[in-house]
Protein chains: 2
Amino acid sequence: MLNVKRLELLLDVVELGSITAAAEKHIYSPSGVSQQLRRLEAEVGQPLLQRQARGMVPTDAGHVLTAHTRRILRQMAAAEADLAEIAGLNRGSLTMGTFPTLGGSFLPLVISRFKKQYPAIELHVRSSRFDDLIEMLENGQVGMSLLWDYEWNRLNPENFALTTVFEDATALIVGKDHRLARRKQVDMGDLAKEEWIVREEEHPVVEVLHRSAQAAGFSPRIAFHANDYQEAQAMVSVGLGIALAPRTAVVNKHPGVSIVSLGASAPSRRILLAHRHDRVRAPAEVAFQSTLLDVARDNSADFR
Amino acid sequence: MLNVKRLELLLDVVELGSITAAAEKHIYSPSGVSQQLRRLEAEVGQPLLQRQARGMVPTDAGHVLTAHTRRILRQMAAAEADLAEIAGLNRGSLTMGTFPTLGGSFLPLVISRFKKQYPAIELHVRSSRFDDLIEMLENGQVGMSLLWDYEWNRLNPENFALTTVFEDATALIVGKDHRLARRKQVDMGDLAKEEWIVREEEHPVVEVLHRSAQAAGFSPRIAFHANDYQEAQAMVSVGLGIALAPRTAVVNKHPGVSIVSLGASAPSRRILLAHRHDRVRAPAEVAFQSTLLDVARDNSADFR
DNA sequence: TCCTCCTTGAAGATCAAGTTAAACCCCCAA
DNA sequence: TTGGGGGTTTAACTTGATCTTCAAGGAGGA
C-alpha cells in the first residue's frame, strides 16, 4: 500500500515546484525528501517527476497520483474534523440505565438539562430492575447506570466505578387526617401501634421497615401489600394504614396523604451512578455524568 | 495526521470482530495490533473500541472513523489502480468506447485529428452496444465512452460524469421519388398515411417512431424490419416505405434516398462523453476529450 | 475447577525514516 | 575555461516507531 506521508511530500513538491521548498515546509532536509520520492517511485514502478534544470515537473503518473493524493488528504482531514466534533460533543450518543422511582422523578430533570446543553447528542435511557441493570452494565448494553444501595448491602466498588449522586431519605406516608399528618418530623418509636402498608415481600423498602421497627423496639403489623407506590399512597389516603417510601418515590404526592420526615430514625438509600472500571468512557458519557451531578446538587433540597 | 496503517487495523478489527482475527489477517501478533490500536486511540484522544467479553464493539468515534477509513482505503486503491493502468500502457495511451453509428461517422474525424495532434499517444477504440459500454466504463476496460440518451430515459449524472457533445436530430429517410423528397422539412403530422421501415423491435429508434407518431396523432404501419441503417435505406430507396434515423446514422447517404429534416416534431438524441466520477483522468484522456469537443463544434452543421 | 480463547503489558530486535556531509549537475557570468 | 549558485542525489550513520517474544490476566464453557 502507498505511504501517505510520501504522497504528501510528492504533492508538495509538485505544488511548490521543488524538493527544497517542500523540504522547508516539512522541516526536513532536501536529502530526506529526495530519498522518500525515490522510494515512492520505486513503489509505483514508474517515474513521477521529471527532473528538470529548474525544479521538477510531474509526469502523467505524477499528475494522476497528486490528484488522488489531494482526495486522500481531504478525506483524512474530514475524518479528523468528525472526530473533533465528537470530542467537542457536537455529536455522539450514549445509553444509560435507571430504575423506576428515579426514572419518574430525578432523571427527567437531568435529561431535560442535558438535552438543552448538548442537543446534538443522542440519548437512550433504559429503565429496569436492579438485577437487570447490573447485567446490562456488565454486557455493555448500557454504558452507565443509576443504582441504589442501603448501608447493609453496599455495592462493591471493585465491581463498578461508583459515584454517589445523593442520599435518598426514607419518608413516612400518612393519611391527610392522620394524627401525625401535621408533624414536620416523627420518630419510628412513635409508630409502634400503627398498621402498615408495604410493597411486595422481597421489595427493599420492606426490609427498611423491619430493620427500623426492630431498632425502635417493635414489630410492625402489615395491613396491605401494594404493587407500587401509587397504590400504596392510595391505600394510605383511605386510612388503611401508613407506609414508608424513599423520598424520591413520592415527589408526586397523592392529594390524600402527607409526607413526614423520619429524620435519622429510618435508614436512607444511596443513589449511585455506576460504570464498568475497564470501560474508557466517551466524551458524551463524561458530560452526562457531570450534568447529572450538577442537577443532584441543585435539587438536593427536594429529596430530603 | 492519522496513520493509515493503524486505521486499516482498526477497520479490520471492527469488521472481523476481534484483535486476534485482524492480527492473523495482517500476519501480526495480537499484541502488536493491540498496541497500535491503543496508540490510535491516544492520537484521536478518545476511545474507539469498547472491550467486551465477546470481542470488540466500536464507539461512536470508532464508527465514524471506520467509515472514513473505508473511503480512504478505496481512494488509495483507486490511485494504485490508475498508476497500474498508466504503467501498463506505456505512458500516454487511452482506451475509449463508442457505438456503431458514431463509430461510422463522427468518431473517425476525431481520431484523425487526435492522431495528428498527439502522435505519441496510443489510442484504442472499442465499439459496442449501450449496455456493454456502461459495463466497460464501470470495470475500467474503457476510460471514457461516447453514449447517447433520449429525453425520456436520461442518463443519471450521479453514475458518470457526463459532457454533452452535440444533439443528434432524428431525420426522415424517403425515396428519391417520394412526394416529400424535395422538401427541406416536414412535420410528423404529414406522415400518418405512410408505410414505415424500422430497425428490430427493441431498437431505440423504434420507440422514437412510436412516440413521435403518437404525438402527431397516428399509429404507424410497419412494412419491414431492417437489421441496420444501410439495409433500411436500401428498402426505402426501392419504395417499400420511409424510415426514421438519427442524423449521424445517414451521413453516408444511400444514392436512392433523400434525407428530410423533421424539425422539432421528432425527438433528438443527446450524444454524451462519459467517464467515472472517481477516476482521476490521465492527461491523454483530457486531451482527447478536448479534441473531441473541438471536432463536434467544427462539424456541428453536418449533423443537423 | 480447569481449559481455552482473547487481550494486554514489558522488554528487546529490527528496519524505515530521518540526519549530516559531500558530491554532482546544469546554467550562467566573468 | 573557470567559478559560483541553485538544486538534487548518494553514502553512512542515528534514532525511534513498529514489530516480536514472553508472560500475565480475565471471561466463558466443559
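Computation of the quantities below employed the complete heavy-atom set of this structure, encompassing side-chain atoms and omitting hydrogens, waters and symmetry-equivalent molecules. These numbers come from a predicted model, not from an experiment. Throughout, a chain's letter reflects where its sequence line sits, starting with A, and its residues are numbered from 1.
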Could you tell me the separation between the [atom1] atom of [X] and the [atom2] atom of [N], rounded to a whole number of Å?
{"X": "B:I27", "N": "D:dT21", "atom1": "CD1", "atom2": "P", "value": "13 Å"}
{"X": "B:Q36", "N": "C:dT7", "atom1": "CD", "atom2": "P", "value": "15 Å"}
{"X": "B:L9", "N": "D:dT18", "atom1": "CG", "atom2": "P", "value": "11 Å"}
{"X": "A:R38", "N": "D:dT8", "atom1": "CZ", "atom2": "P", "value": "13 Å"}
{"X": "B:L40", "N": "D:dT18", "atom1": "CG", "atom2": "P", "value": "11 Å"}
{"X": "B:R39", "N": "D:dC19", "atom1": "CZ", "atom2": "C1'", "value": "9 Å"}
{"X": "B:I19", "N": "C:dC6", "atom1": "CD1", "atom2": "C1'", "value": "9 Å"}
{"X": "A:Q35", "N": "D:dA12", "atom1": "CD", "atom2": "C1'", "value": "10 Å"}

Q.
Using a distance-only criterion (donor-acceptor N/O pair, under 3.5 Å, no hydrogens), is the base of D:dT21 paired with the side chain of B:S31?
A. yes
(Q) With a 4.0 Å cut-off on N to O distance, would you call B:R70 and B:E15 a salt bridge? (A) yes
Nearest to the side chain of [X] - [options]?
{"X": "A:T20", "options": "D:dT20, C:dT20, D:dG7", "answer": "D:dG7"}
{"X": "A:S18", "options": "C:dA17, C:dT8, D:dG7", "answer": "D:dG7"}
{"X": "A:S34", "options": "D:dT20, D:dA17, D:dT9", "answer": "D:dT9"}
{"X": "A:Y28", "options": "C:dT8, C:dT19, D:dG7", "answer": "C:dT19"}

**Q.** Face-on cation placement of A:R211 at A:W152 ring, 6.0 Å and 45° thresholds
**A.** yes
If only side-chain N and O atoms of [X] are considered, is one of them under 4.0 Å from the OP1 or OP2 phosphate oxygen of [N]?
{"X": "B:N3", "N": "D:dT18", "result": "yes"}
{"X": "A:S29", "N": "C:dG18", "result": "no"}
{"X": "A:K5", "N": "C:dA16", "result": "no"}

Q. Are A:F288 and A:Y118 close enough that their ring centers fall under 6.0 Å?
A. no
Q: Answer yes or no: are there more than 12 heavy-atom neighbours, outside B:R71 itself, under 6.0 Å from its atom CZ?
A: no
Q | Steps toward side chain to side chain contact (heavy atoms under 4.5 Å, CB included) verdict (A:R91, B:D60) | A | CA-CA 9 Å; A:R91 234 189 309 158; B:D60 290 337; over 6 Å; no
